Amino acid sequence: MLKKYSMSIEYVDICCGLAWGDEGKGKVVSQLSKEGEYDFVCRWAGGNNAGHTIYVDGKKYSTHLIPSGVFYGIKSIIGPGCVLNLRSFNEELNYLKENGFDISLVKVSPRAHIVTEEHIEEDKAKYEKTIGTTAKGIGPCYKDKYARTGKQAIDYLFDLEKHIWDEKLHGKVLCEGAQGFWLDIDYGNYPYVTSSTTLPYSACSLGFAPQKIRKIYGAVKIYDTRVGYDPDFPERLYDNEELKTIAKCGEEYGTTTGRMRKVNYLNVNKLIKSIKISGVTDLIVSKVDILEKLSIYKYYYNGKLLCFNNLEDMINGIEEVLNKECSEYLKEIIYSNNPEKI
Ligand code: IMP
Ligand code: MG
């Protein structure tokens with residue numbers, strides 16, 4: 001047997017989105033960072049197209065790129081699979097510094113790719129209208145990366161100064177996902193997807209073996225929402241009065257773009273698939289309070305819209321199919337009705 005050396009990785013926990021982003025991952029990673037005694041909190045994909053809302057001591061913070069470990073004094077890593085806009089990175093650093101957080105904890109992999117003004121221009125010109133991108137230059141940056149014509153953070157050592165990551169992961173690691181399963185480049189409704197891998201297996205690009213993964217937290221809301229163009233979420237959803245009330249009551253507008261989200265009832269078949277393929281061990285279902293407030297208890301299953309009289313019956317219905325379909329890995333289901341904690 002080989003001996004374990006002291007700087008090895010103990011375990012990795014991952015939090016990922018199971019829908020189209022905006023599932024409440026920020027809340028989950030924030031709480032895990034606070035309680036989990038992690039040595040690192042890392043992002044593995046995407047850039048400032050993401051938006052995390054985090055409450056620290058009752059105060060609301062919004063970040064787009066920097067992992068939430070920084071709010072709890074934990075080293076926060078932007079991994080090699082991420083793309084980085086230097087201007088918004090610096091803006092976010094200043095915002096965190098002004099709010100009293102230790103920004104020396106924030107590190108960027110030398111292999112992360114840099115989003116340039118040209119990438120943003122191209123995104124605005126070609127993809128904002130057709131795909132409904134966030135117009136942050138994410139797709140064009142990944143295009144250059146895979147064409148092997150991109151620029152990496154290492155080429156910007158001067159600008160990034162002390163923020164270049166130069167050590168190995170060790171101890172306890174938390175990886176925070178961006179976007180969600182159905183925005184993944186391979187699983188989503190292509191081309192209405194983001195340009196990176198949002199599934200948890202991709203977190204291994206940070207530099208650990210899959211065997212190190214302990215828990216996979218999957219975040220989902222009790223109803224579906226979508227920003228950006230997607231034929232699976234047609235415009236007529238905006239006209240449905242009941243869905244409109246959910247959107248209003250749930251304050252469904254994007255943290256990054258401010259756009260109104262389209263709302264639909266939860267598609268349980270899609271949820272099952274995303275849980276299974278992601279290997280979710282702990283499921284966090286958020287915003288149950290919204291449906292309770294409105295007394296709307298419905299979800300889609302096998303193409304039918306099922307209606308229930310109360311939350312308990314609705315949850316029992318969902319759990320029955322999840323127990324049948326997802327019990328191989330799924331061990332825990334938590335329902336959350338609090339925007340600040342799980
Ligand atoms: P892009 O990632 O900006 O290229 O956008 C591609 C698609 O993903 C669009 O439909 C966006 O609305 C969506 N998207 C990207 N990031 C997020 C996010 O953090 N939350 C929700 N949707 C997102
Ligand atoms: Mg978000």
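Whatever order the structure lists ligands and atoms in, that order sets their numbers, starting from 1. No experiment lies behind these values; they were computed from the predicted model shown.
Residue Ile185 is found in a hydrophobic cluster whose other members, listed by chain and number, are Tyr190, Val193; membership requires side-chain heavy atoms under 4.5 Å apart, directly or through intermediates.
Annotation: Asn49 places an N or O atom under 3.5 Å from an N or O atom of ligand 1; distance criterion only. Inclusion of Thr134 in the set of residues having an N or O under 3.5 Å from an N or O of ligand 1 is warranted. The shortest N or O to N or O distance between Thr194 and ligand 1 is under 3.5 Å.
Heavy-atom proximity to Val227, at under 4.0 Å, picks out these atoms of ligand 1: 10 (O), 12 (O), 21 (C), 22 (N). Ligand-side atoms of ligand 1 in range of Gly228: 10 (O), 12 (O), range being under 4.0 angstrom from any heavy atom. Every atom of ligand 1 with a heavy atom of Ala50 under 4.0 Å away is listed here by number and element: 19 (O). Less than 4.0 angstrom separates some heavy atom of Asp22 from each of these atoms of ligand 1: 20 (N), 21 (C).
Residue-level proximity to ligand 1 for Arg226 is carried by the side chain, the only part with a heavy atom below 4.0 angstrom. Proximity of Trp20 to ligand 1, defined as any heavy-atom pair under 4.0 Å, is confined to the backbone N, CA, C and O atoms. Contacts between Val193 and ligand 1 below 4.0 angstrom, taking non-hydrogen atoms only, involve the backbone exclusively. Within the 4.0 Å heavy-atom criterion, both parts of Thr133, backbone and side chain, lie near ligand 1.
Between the side chains of Asn338 and Lys27, no donor-acceptor pair is found at a separation under 3.5 Å. A donor atom on one side chain and an acceptor atom on the other are not found under 3.5 Å apart for Glu10 and His170. Counted by atom type alone, Thr225 and Lys221 present one or more donor-acceptor pairs between their side chains at under 3.5 Å. Side-chain atoms of Ser30 and Tyr72 include a donor-acceptor pair closer than 3.5 Å.
Looking at Tyr300 and Asn264, their side chains come closer than 4.5 Å, going by heavy atoms from C-beta outward. Side-chain atoms of Leu93 and His163, non-hydrogen and from C-beta on, do get closer than 4.5 Å to each other. Annotation: side chain of Ser109 is not in contact with side chain of Ile77 (no heavy-atom distance under 4.5 Å).
Glu121 meets the side chain to side chain contact (heavy atoms under 4.5 Å, CB included) test with Lys124; sequence neighbours excluded.
Between atom 8 (O) of ligand 1 and the options Asn189, Leu183, Thr225, Asn48, the minimum heavy-atom separation is to Leu183.
Residue contact annotation: Lys25 places no N/O/S atom under 2.8 Å from the Mg ion (ligand 2).
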Handout entry: Steps toward side chain to side chain contact (heavy atoms under 4.5 Å, CB included) verdict (Trp182, Ser274)
Key = CA-CA 8 Å; Trp182 297 107; Ser274 64; 4.0 Å; yes
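The closest approach between Gly132 and ligand 1 falls below 4.0 Å for a heavy atom of the residue. The closest approach between Gln179 and ligand 1 falls below 4.0 Å for a heavy atom of the residue.
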